[in-house]
Protein chains: 4
Amino acid sequence: MPSGRPRDEDARIRILGSVVELVASRAPGQVTINEIARAASVGKQTIYRWWPSKTAVVLDALVEGTMKATPFRATDDIRSDFERHLRSVAVLFASPTGSVIRELVADAQSDPQIADEFRDRFWAPRRELSLDRLRRGVDLGRVRDDLDLEVVLDAVYGPMWLRLLIGHLPVRASDATAIGDAVWPGIDTGGDFGPETR
Amino acid sequence: MPSGRPRDEDARIRILGSVVELVASRAPGQVTINEIARAASVGKQTIYRWWPSKTAVVLDALVEGTMKATPFRATDDIRSDFERHLRSVAVLFASPTGSVIRELVADAQSDPQIADEFRDRFWAPRRELSLDRLRRGVDLGRVRDDLDLEVVLDAVYGPMWLRLLIGHLPVRASDATAIGDAVWPGIDTGGDFGPETR
Amino acid sequence: MPSGRPRDEDARIRILGSVVELVASRAPGQVTINEIARAASVGKQTIYRWWPSKTAVVLDALVEGTMKATPFRATDDIRSDFERHLRSVAVLFASPTGSVIRELVADAQSDPQIADEFRDRFWAPRRELSLDRLRRGVDLGRVRDDLDLEVVLDAVYGPMWLRLLIGHLPVRASDATAIGDAVWPGIDTGGDFGPETR
Amino acid sequence: MPSGRPRDEDARIRILGSVVELVASRAPGQVTINEIARAASVGKQTIYRWWPSKTAVVLDALVEGTMKATPFRATDDIRSDFERHLRSVAVLFASPTGSVIRELVADAQSDPQIADEFRDRFWAPRRELSLDRLRRGVDLGRVRDDLDLEVVLDAVYGPMWLRLLIGHLPVRASDATAIGDAVWPGIDTGGDFGPETR
DNA sequence: TACTAAGCGAGACGGTACGTCAAGTCTTTAA
DNA sequence: TTAAAGACTTGACGTACCGTCTCGCTTAGTA
């Protein structure tokens, strides 16, 4: 039985909220721990008690805030499911959360531990969902079964991620269709199974 | 006619060399200007005299060091040209230069000016070459003409870049073929024009 | 031959000056390094580059500022020399420097190294002068030669120091005479040698 | 009639005991409230419920622990009484309590309130006893009646206090005699009244 | 051959944020 | 209501880098 004052759950929420707010309000990487603490009306020590670094807080804020932001609709029209998902990814990337992700990927370059956690807690769960959907397509006989599915996913989501991180082009929900147009014909079996047909 | 002592070209070379060496030797983003200066046996001021910031040095080191590292072979077998190029990209990303690129993309997230310069000096020139190759394919009638070519390029190079930046999978030259297998069938016109045929 | 930018002597002077000013302006021990740095228009690092701790700065400020504040007049009238010296000590203790000394003695209680330095650099030189004067009195046959001179000095200066540190009574220059009246008759040989006589 | 759980008297004793123990075991001023609480197996709040600050606890520990440690023998041999007292003071200063006193005097330099309390509760009661003894000597005609008795006491006890606080010489019981030798001849009336004579 | 102008290595400078530490307060459960 | 436990806010600490500055010295071109 734990004794002593329990962790202040409200403080935790205020901290994560302030992180998203601050990261979105300026260039990522320009947010300081002091600012977060002040914005959340919290002592710096309270942050360091529960997170090992600023980036760890940002990661928590990201994971917590986007757990259900990009759901996958599961129909038998796999391509359509993906395009729909791509659209929700685009919306997410264009939102303040997009800045949080950029900040995090940047920090992950210099901290392998953050990189691991980012992949485990943010990337992998989403990836798994996409992979499931793709495998379902293979099972249905609508997606080729001779492909490296990891490569397929990288090709499908690559455009969105690259534009977020490189910035050579804007991230637009409307590109979801263009991605489908470019990638899907090479992916599907070409069979005519009704709703899958185009 | 300029008087005074001329710029020490050797110092410039030592600086750019030390940058690559140091960035490769540890987690990117952990390299300090002081270390670079010390490693290059150079005063810090000499760096700031010629570059506005540490990241600018890194960018120069990158541009200088990769000017000819990923050449594009130009044949009429477009797919083959791309796969060959992808292989050279993989080799580059796996080399110390890969770390330099990661460092730079990380820094670009927080500094729009760096982002601009990175795109102008590193990304765009390569992109242009790829785009030219792709347009040539369209002209030859071997690549579909109804596609958003930017999206196609993002899909083709996305896997390599994503693996470099996210690290969910290793960057391997052998994946070049898998990328071709997954993406190309949706790109080409399916016509039988000889060398292009598969 | 030293290379690099030389130490900024003006900064050193500003720092020591600000220390005295700040220590005098409030309760000793309430002065922070940040305040000193700000008041001296100096980076905190500049302080830490040259002194290991705040207290070391305070000690330097004290030693530097009082090197000649309490001179000893050397006549053959030993008692008179001491009373004069006691008066200058009282004046020193009542000045801002008094606060600096209190701060320093306080810090010395918790840091043996500071205590050593304080004794070596502030206490001992003054003590030596007093001891010399007293020995001269012995040589002249006007001060008893059967006494522990260290004890005598502690008894002579004890009242001033105790009042500075304990604060049970004010430090007044006029007490110099009272101290002479109380202690001297037990110290001198009682002989009548002219100016020494009372 | 008070309800609720009664104050734990044992906790109070454990706290004061731990303070003395801890202050003696390291450089004074390095003891934290957390350590005291832990050593006394007590919650920090229990300390703050009964004392306003850490230093107040230390003061209580001092006053409580030394209430009868330096008694004054009252005979008609005033000098002898003082020397005996000086010896007990030396013993006290050399004991763990000496460290407590040093800590307290140090803290008193930066906190006038602590300084007041220290003087009221520790210094003044002892001082009053000494003063009484000295006045008795005046009444007996064995101590000069033309002296500032406060100055006399500062001169008599100064050596012990100075050595405790400055540390230029050790505090030794044997110095009590040397102090008597140096100071007393100037204090007494020189008359031959039997036991007082030397 | 001197003089002038700029570059050079070195390292101190003012400044900002960091992550740690202790003080004193608050909030829980148990007695 | 008090106690132990321990989380809380606050604010100073000492460190690390940044980008700028100043020193003595070097390396050209100009006079």
Side-chain angles (χ1 to χ4, degrees), chain A residues 1-12 30-35 37-38 40-54, chain B residues 1-12 30-35 37-38 40-54, chain C residues 1-12 30-35 37-38 40-54, chain D residues 2-11 30-38 40-55:
Chain A
M1 67 213 77
S3 99
R5 177 174 176 172
R7 174 170 182 180
D8 184 344
E9 184 61 19
D10 187 55
R12 196 181 133 274
Q30 310 295 59
V31 180
T32 72
I33 283 269
N34 270 325
E35 275 177 318
R38 173 147 342 204
S41 299
V42 138
K44 221 186 335 176
Q45 190 61 53
T46 298
I47 297 180
Y48 283 108
R49 202 185 336 267
W50 303 112
W51 291 278
S53 70
K54 182 185 62 169
Chain B
M1 66 213 71
S3 100
R5 179 172 174 173
R7 174 171 183 178
D8 183 346
E9 183 61 21
D10 187 54
R12 193 181 137 276
Q30 309 293 55
V31 180
T32 71
I33 280 273
N34 274 324
E35 277 177 315
R38 171 139 349 186
S41 299
V42 139
K44 231 191 324 181
Q45 189 59 49
T46 300
I47 297 180
Y48 282 107
R49 204 183 338 265
W50 304 111
W51 291 276
S53 70
K54 180 185 65 166
Chain C
M1 67 213 75
S3 100
R5 178 174 176 173
R7 174 170 183 179
D8 184 344
E9 184 62 19
D10 187 55
R12 194 181 134 276
Q30 310 294 60
V31 180
T32 72
I33 283 270
N34 269 325
E35 277 177 316
R38 172 147 341 203
S41 299
V42 139
K44 223 187 333 178
Q45 192 60 52
T46 299
I47 297 180
Y48 283 109
R49 204 185 335 268
W50 302 112
W51 291 277
S53 70
K54 182 185 60 168
Chain D
S3 94
R5 180 170 171 173
R7 173 170 182 180
D8 183 347
E9 182 61 19
D10 187 54
Q30 308 294 54
V31 180
T32 71
I33 279 274
N34 274 325
E35 276 177 317
I36 296 171
R38 171 138 349 186
S41 299
V42 138
K44 232 194 317 184
Q45 189 57 49
T46 300
I47 297 179
Y48 283 106
R49 204 182 335 264
W50 304 112
W51 290 278
S53 72
K54 180 183 66 164
T55 317

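Numbers restart at 1 for each chain; the letters A, B, ... are given by sequence-line order, proteins then strands.
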In this structure, NZ of Lys54(B) is separated from OG1 of Thr32(B) (nearest 0.5 Å) by 7.5 Å
Nearest whole angstrom, please: distance from the C1' of dT9(F) to the CG of Asp10(A).
15 Å
So, using side chain to side chain contact (heavy atoms under 4.5 Å, CB included) as the criterion, who are the partners of Arg38(A) when residues are at least two apart?
none
Where protein sits on nucleotides 4-10 of chain E, one letter per nucleotide: B base, S sugar-phosphate only, - none, heavy atoms under 4.0 Å
-BBBBBB
Figure out the CD/P separation between Glu35(A) and dA17(E), and round it to whole Å.
7 Å
Here the distance between atom P of dA23(E) and atom CH2 of Trp51(D), to the nearest Å, is 16 Å
Can you name the closest pair of heavy atoms from Ala37(A) and Gly43(A) and give their distance?
CB-C, 4.3 Å
Interatomic distance, Ile47(B) atom CD1 to Gln45(B) atom CD [nearest 0.5 angstrom]
10.0 Å
Does the side chain of Trp50(B) come within less than 4.5 Å of Arg7(B)'s, by heavy atoms?
yes
Please report, rounded to the nearest Å, how far the P atom of dT20(E) is from the CG atom of Asn34(D).
17 Å
Report the residue (Lys54(D) or Thr32(A)) whose heavy-atom-nearest nucleotide on DNA chain E is the more 5′ of the two.
Thr32(A)
Return the value, rounded to whole Å, for the distance between atom CD1 of Ile47(D) and atom C1' of dA5(F).
13 Å
Side-chain N,O (Tyr48(A)) to OP1/OP2 (dG19(E)) below 4.0 Å:
yes
Which residues satisfy the side chain to side chain donor-acceptor pair (under 3.5 Å) test with Thr55(D), sequence neighbours excluded?
Asp107(D)
From CD1 of Ile33(D) across to P of dG6(F) the rounded distance in Å is 17 Å
